[in-house]
Structures are given as structure tokens and as C-alpha cells.
J.: 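My questions all concern the structure below.
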Protein chains: 2
Amino acid sequence: MELYVRNTTELANLLRDYGITATLQRVEIAGILLSKKQHLSAEQVMGKVNQGRSIVSKATVYNTLRLFAKKGLVKEVIADPTKIFYEPKTESHHHFYNVDTGELTDFNADLKMTDIIPDAPKGMMVKGVDVTIRVGAA
Amino acid sequence: MELYVRNTTELANLLRDYGITATLQRVEIAGILLSKKQHLSAEQVMGKVNQGRSIVSKATVYNTLRLFAKKGLVKEVIADPTKIFYEPKTESHHHFYNVDTGELTDFNADLKMTDIIPDAPKGMMVKGVDVTIRVGAA
DNA sequence: TATTTGTTTAGACTGTCTCTAAATAGATAT
DNA sequence: ATATCTATTTAGAGACAGTCTAAACAAATA
Ligand SMILES: [Mn+2]
Ligand SMILES: [Mn+2]
Ligand SMILES: [Zn+2]
Ligand SMILES: [Zn+2]
């Protein structure tokens with residue numbers, strides 16, 4: 001996944017590459033989320049995409065993010081008990097989740113998954129480590 | 001944590017060991033959750049503790065589970081995007097999360113965290129692996 | 001043009017969880 | 001024991017993320 005995609009045509013092509021029909025709304029949402037490495041909740045995407053004006057409805061934001069995730073264009077992160085985060089970085093990696101701020105921070109466990117617990121960001125303490133493997137019918 | 005605790009006096013003592021004032025409601029909730037290895041949502045605890053009759057209020061169930069977790073008597077599992085699960089098994093371990101059924105299954109990564117992704121339960125496919133380390137102010 | 005198919009939409013609704021302010025219970029002081 | 005203080009429980013309202021529905025709209029096809 002090439003990040004920092006801005007151009008509309010480029011975005012539309014990218015969507016098609018992932019088997020997603022490019023629509024105005026989808027390009028807008030992709031433009032927001034793929035613009036840089038970040039973790040955004042659906043509500044945050046909603047806010048950014050509709051700066052003032054009203055371009056995309058709530059239902060479409062939720063549906064689109066789910067569609068993007070299903071197609072492998074973005075990644076869903078289940079770490080905050082109150083909301084799902086979406087991010088453009090699809091390579092396998094893991095997160096620090098700050099329970100105080102709700103902030104997510106990436107960390108890579110290149111080798112073989114995680115055979116060590118990486119150091120916590122300075123000033124931070126590891127409050128808990130969760131490994132969750134999601135499985136479904138084969 | 002000794003599982004299968006049933007006796008009321010035993011439960012009350014256990015709560016005190018964890019710095020929790022033993023009340024009728026707390027003992028009832030502990031009796032449910034500590035009776036065996038399981039992963040229960042707050043709503044499920046609510047249902048089990050108030051079989052027919054009405055013994056413990058919703059607010060108390062939620063507050064008590066959070067208190068138990070804070071005191072280290074039970075473990076919170078953030079894996080399902082819609083609810084938190086609570087379990088009596090406090091030793092470090094990880095979970096399979098079935099996205100179809102929402103079911104949680106334990107697995108131990110004894111060595112050093114997880115340097116391997118364990119095999120999925122038969123008939124199941126690994127849909128995603130998440131390692132989440134929760135951090136807070138040191 | 002007519003029809004079909006896919007997408008978007010407003011807004012009602014759901015489920016989990018939180019908050020509040022009052023009632024109750026338990027502990028402490030006199 | 002009685003009064004006082006503190007901790008706990010409670011009903012029910014409310015917050016909030018997310019879902020659903022049925023209609024509108026758009027795009028593609030016949
Ligand atoms: Mn929630
Ligand atoms: Mn949710
Ligand atoms: Zn990430
Ligand atoms: Zn478990």
C-alpha cells in the first residue's frame with residue numbers, strides 16, 4: 001500500500017485495484033484515510049470528510065470503512081473498547097494502546113510475531129499485553 | 001487464583017485478599033464469574049446473577065466488574081468490538097476470537113510471548129492476529 | 001427509453017455502557 | 001445506643017458507537 005495518495009484519479013485507480021467501485025464518496029473517504037499513517041475512528045473520518053459542508057452520510061462512512069477493510073485496503077484495529085480504528089497501514093504490525101488517552105501507536109514485530117514485549121514509549125508503562133487472533137470458519 | 005470457588009465465606013475472604021470489601025452483591029457476582037473458566041460479558045453476568053429474581057442492579061454489575069478487574073481478581077478482554085469480556089483466569093494468556101460467533105478461546109504462549117502463531121482450532125481459519133499492548137502513564 | 005443493479009441517504013433504532021442523585025447499609029464517634 | 005460519616009447500591013435517564021430500513025439516486029444495461 002502506497003501511502004500519501006492524494007490525486008483523485010490515482011485514488012480511483014487504487015480503489016479499482018482492490019475491487020472497489022470508485023464513487024465520489026469512496027474517493028473522499030479514501031483521500032482522508034490514505035493521506036498519511038494514522039488511526040482514525042469512523043466518527044473521526046466522518047468529521048474530517050465533512051468539514052463544514054455535508055458530503056458523506058454516516059451510514060456511508062460506516063459502510064465504506066467496513067468495505068475497505070473487507071477488501072484489504074485498510075486495516076481495522078480492535079483495541080479501544082468503545083470504538084474501532086481504521087488505518088491505511090496494512091502490513092502486519094501491532095499497537096501500543098494508551099488506556100489513558102485512547103491513542104494507538106504502531107510497533108513492528110518483524111521477526112516471528114512477537115517473541116519479546118517491546119519497550120513501552122518513554123513515560124509510559126505497560127498496563128497489559130493482549131494477543132488476539134481472530135478466527136472464522138475455514 | 002484458585003478457580004471453582006463456591007462457598008460464600010471462602011468468596012468473601014478471597015475478595016478481602018484482593019482488597020475488596022465483601023458485600024452481598026459482590027459475593028454473588030464473584031460466585032458466578034469465579035465458578036469456572038469462562039469469558040462473560042457484563043450483560044451475561046447480569047443475566048446469570050439475576051436468574052428470575054432481581055438481586056443486583058445493572059450499575060452495580062458494571063461497577064463491580066470494573067472494580068474486580070482493577071484489583072486484579074479478574075481479567076478484562078478487549079477483543080470483541082461491541083463488548084468487554086471478563087474472566088477469572090488472570091495468568092497471562094491469549095485468545096482466539098471467533099468473528100462469526102464472538103466466542104473467545106484461551107491459548108497459552110508460555111515461552112516468550114508469542115513467537116509463533118498457534119494453530120487455529122480445527123475447522124477454523126485465522127482471520128487476523130492482533131497484538132495489543134496497553135500502556136499508561138508510568 | 002425502460003429496466004435493472006448498485007450506492008447513498010436520513011433518521012429511527014439497538015446495545016453497551018455511563019452518570020446522577022437518592023436510598024441504603026455499614027462503620028465510626030460520642 | 002444514637003448520631004454521624006462514609007461506602008455501596010439503585011433506578012432510570014442519558015451518552016455514544018454502530019446498525020437497519022426503506023426511499024432516493026446513480027450508473028449500467030437492454
Ligand atoms: Mn462499547
Ligand atoms: Mn461498538
Ligand atoms: Zn497501526
Ligand atoms: Zn481467557
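Naming convention: chains lettered A, B, ... in sequence-line order (proteins, then strands); numbering from 1 in each chain. All values derive from a computational prediction rather than experimental measurement.
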J.: Does a side-chain N or O from B/Gln25 land closer than 4.0 Å to OP1 or OP2 of C/dA25, or not?
T.: no

J.: Are the side chains of A/Val45 and A/Tyr86 in contact, using a 4.5 Å heavy-atom criterion?
T.: no

J.: Let me spell it out: for each of A/Ser57 and B/Glu43, pick the nucleotide of DNA chain C with the closest heavy atom. Which residue's pick is nearer the 5' end?
T.: A/Ser57

J.: Looking only at the side chain of B/Ala42 (C-beta and beyond, no hydrogens), which of the listed nucleotides C/dT9, C/dC17, D/dA11 gets closest?
T.: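 Of C/dT9, C/dC17, D/dA11, C/dC17 is nearest to the side chain of B/Ala42.
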
J.: Hey, does B/Leu65 reach any base, or is it just sugar-phosphate, or nothing, if we go heavy atoms under 4.0 Å?
T.: nothing

J.: Do B/Glu103 and B/His95 have side-chain N/O donor and acceptor atoms under 3.5 Å apart?
T.: no

J.: Separation of A/Ile84 atom CD1 from C/dG15 atom C1', in whole Å?
T.: 14 Å

J.: For A/Arg53 and C/dT9, what is the distance between atoms CZ and P respectively, to the nearest whole Å?
T.: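 The distance from CZ of A/Arg53 to P of C/dT9 comes to 13 Å, rounded to the nearest Å.
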
J.: Report yes if at least one side-chain N or O of B/Tyr62 is closer than 4.0 Å to OP1 or OP2 of C/dT18; otherwise report no.
T.: no

J.: State which of D/dG18, C/dT9, C/dT16 makes the closest approach to the side chain of A/Lys83.
T.: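 Side chain of A/Lys83 sits closest to D/dG18.
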
J.: For the pair made of CZ in B/Phe68 and P in D/dT8, what is the distance, rounded to whole Å?
T.: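 Taking atom P of D/dT8 as the reference, CZ of B/Phe68 is at 12 Å.
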
J.: For B/Ser41, report the nucleic acid contact type (base, sugar-phosphate, nothing); a contact means any heavy atom under 4.0 Å.
T.: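 Answer is nothing: B/Ser41 stays at 4.0 Å or more from every strand.
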
J.: Can you find a heavy atom in the side chain of A/Thr21 that is under 4.5 Å from one in the side chain of A/Leu15?
T.: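 A/Thr21 does not reach A/Leu15 side chain to side chain.
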
J.: Between B/Lys70 (NZ) and D/dT8 (C1'), how many Å, whole number?
T.: 14 Å

J.: Is the distance from OP1 or OP2 of D/dA27 to the nearest side-chain N or O of A/Thr21 less than 4.0 Å?
T.: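 No, because none of the side-chain N or O atoms of A/Thr21 sits under 4.0 Å from OP1 or OP2 of D/dA27.
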
J.: May I have the distance from B/Lys71 (atom NZ) to D/dA7 (atom P), rounded to whole angstrom?
T.: 12 Å

J.: Output yes when at least one side-chain N/O atom of B/Thr82 is less than 4.0 Å from OP1 or OP2 of C/dT16, else no.
T.: no

J.: Answer yes or no: is there a side-chain heavy-atom contact under 4.5 Å between B/Ile32 and B/Leu40?
T.: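 Yes; the side chains approach each other to less than 4.5 Å.
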
J.: May I have the distance from A/Asn50 (atom CG) to C/dT8 (atom P), rounded to whole angstrom?
T.: 13 Å

J.: Distance check, rounded to the nearest 0.5 Å: B/Asn63 atom CG versus B/Gln25 atom CD?
T.: 11.5 Å

J.: Please tell me which of A/Asn63 and B/Val61 maps to the more 5' nucleotide of DNA chain D, matching each residue to the nucleotide holding its nearest heavy atom.
T.: B/Val61

J.: When the distance from CZ of A/Arg26 to P of C/dT8 is rounded to whole Å, what number comes out?
T.: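 Those two atoms, CZ and P, are 5 Å apart.
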
J.: Is there, by distance only and without an angle test, a donor paired with an acceptor across the side chain of A/Lys58 and the base of D/dG18 below 3.5 Å?
T.: yes

J.: Would you say a side-chain N or O of B/Arg66 is under 4.0 Å from OP1 or OP2 of C/dC17?
T.: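 Checking C/dC17 against B/Arg66, no side-chain N or O comes under 4.0 Å of OP1 or OP2.
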
J.: Please determine, for the side chain of A/Ala59, which listed nucleotide (D/dT8, C/dA10, D/dA11) has the closest atom?
T.: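 Shortest atom-to-atom distance from the side chain points to C/dA10.
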
J.: Expressed in angstrom and rounded to an integer, what is the separation of B/Leu40 atom CG from C/dC17 atom C1'?
T.: 17 Å

J.: Look at B/Thr23 and D/dA7 and indicate whether a side-chain polar atom (N or O) is within less than 4.0 Å of OP1 or OP2.
T.: no

J.: Base, sugar-phosphate, or nothing: which does A/Leu67 touch, judged by heavy atoms less than 4.0 Å apart?
T.: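 The answer is nothing, as A/Leu67 stays clear of every strand by at least 4.0 Å.
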
J.: Under a 4.5 Å cut-off applied to non-hydrogen side-chain atoms, are B/Arg26 and B/Ile29 in contact?
T.: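 Not touching, per the 4.5 Å side-chain cut-off.
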
